[in-house]
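Quick notes on the structure that follows.
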Amino acid sequence: MRAAVIGEFKIFAGSANPALAKSIACELGARLGGCVVDRYPDGNVAVELLESVRRKEVFLMQSTSPPASDHLVELLALADACRRAGAGCITAIVPYFGYGRADKRSGRREPIMARLVADVLQVVGIEHLVMVDLHTPQIEGFFHSPVDSLTAVPTLCEALRGRLPAGIVVVSPDVGRLPMASRYAQRLGTSVVVLHKQRVSGTETRITHIVGNVSDLACLIIDDMITTGGTVAESVKALLSAGARPEIIVAATHGVFVRGAREKLSHPAVRDVLVTDTVRVTEKDWPQLHVVSIAPLIAGAVRRIVADGSLVELR
Ligand code: R5P
């Protein structure tokens with residue numbers, strides 16, 4: 001890969017979340033690079049860059065949100081086009097990393113999709129990645145290239161201030177989310193309760209134990225993502241059975257919301273659901289849902305990368 005001319009950068013976006021890409025460009029006082037991201041009649045991905053990227057530092061914006069494989073192929077195609085057109089350095093901004101949950105083998109003859117995706121992203125010349133709240137921090141180790149894993153916790157905590165009832169505890173829906181729950185609790189000046197979750201299948205989970213006291217307390221359930229809504233729905237049930245007040249707020253970085261998720265989250269005790277815009281939210285007329293933009297966070301990361309600065313404060 002050729003060296004990029006310092007300070008000259010371009011941002012291109014796939015089709016996963018054009019609104020977020022525009023907001024990031026706007027925060028940076030830049031414009032999105034012209035490109036065509038389309039499909040051939042047979043469904044194959046068709047990509048064309050409409051401007052030169054020769055020796056430029058290029059940022060490619062694309063969450064690999066559903067349909068994950070389509071969005072992934074768009075990102076690969078954009079990176080390949082940049083590389084073949086002589087781009088200086090290619091950074092992929094993947095706010096939501098689909099396949100992130102497939103980070104180990106749970107059966108005997110399964111792939112490790114997160115690792116496979118990491119490999120193909122690097123094969124097409126992506127030399128640096130920026131992601132937000134990776135499902136597990138060790139995914140970073142699947143890449144040889146540097147990965148900046150940002151966190152949306154401060155952004156969501158700011159949005160939660162003024163919305164939280166007194167006497168609220170942060171609830172981690174499983175042990176894996178405990179470090180994230182602790183960061184919320186530290187910022188919000190409260191304590192953490194942990195649920196023990198068992199995953200029965202891709203759509204079904206069961207809460208078996210609660211570690212901590214929720215009796216007569218309001219609860220803030222946090223998570224990295226809401227997909228089917230099953231984890232949150234089961235957590236709400238378990239917390240109410242353990243005597244929590246019917247004042248529950250949910251905050252998650254990635255609102256993936258597959259079909260049926262909204263119904264699962266529409267429990268009368270759930271007052272608000274806060275997510276960021278790492279994934280394009282298409283839900284409408286859902287008064288409890290609040291979408292907080294991470295455009296300033298990502299724009300801050302781009303600014304620092306272009307200036308060769310440190311991203312440590314954003315992690
Ligand atoms: C699991 O380990 C994750 O952190 C989330 O709790 C889970 O992916 C949420 O998925 P769903 O909404 O389908 O329960």
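In listed order, ligands and their atoms are each counted from 1.
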>> Distance under 4.0 Å, heavy atoms only, partner ligand 1: which residues pass?
In response: R101, H135, D174, R177, K197, R199, D223, D224, M225, I226, T227, T228, G229, G230, T231
>> Between Y99 and S69, is there a side-chain donor-acceptor contact under 3.5 Å, judged purely by atom types and distance?
In response: yes
> Would you say the side-chain atoms of E140 pair up with the backbone N or O of D148, donor to acceptor, closer than 3.5 Å?
Replying inline: no
> Can we say R31 and E51 salt-bridge, meaning some charged N sits less than 4.0 Å from an Asp/Glu carboxylate O?
Replying inline: yes
>> Under a plain distance cut-off of 3.5 Å, with no hydrogens placed, do T278 and H254 share a side-chain donor-acceptor pair?
In response: yes
> Just checking, any donor-acceptor pair under 3.5 angstrom between side chains of E57 and T91?
Replying inline: no
Residues 220-231, side-chain donor-acceptor partners within the protein, below 3.5 Å, at least two apart:
from	atom 1	to	atom 2	distance (Å)
D224	OD2	H135	ND1	2.7
T228	OG1	G230	N	3.1
T231	OG1	K197	NZ	3.1

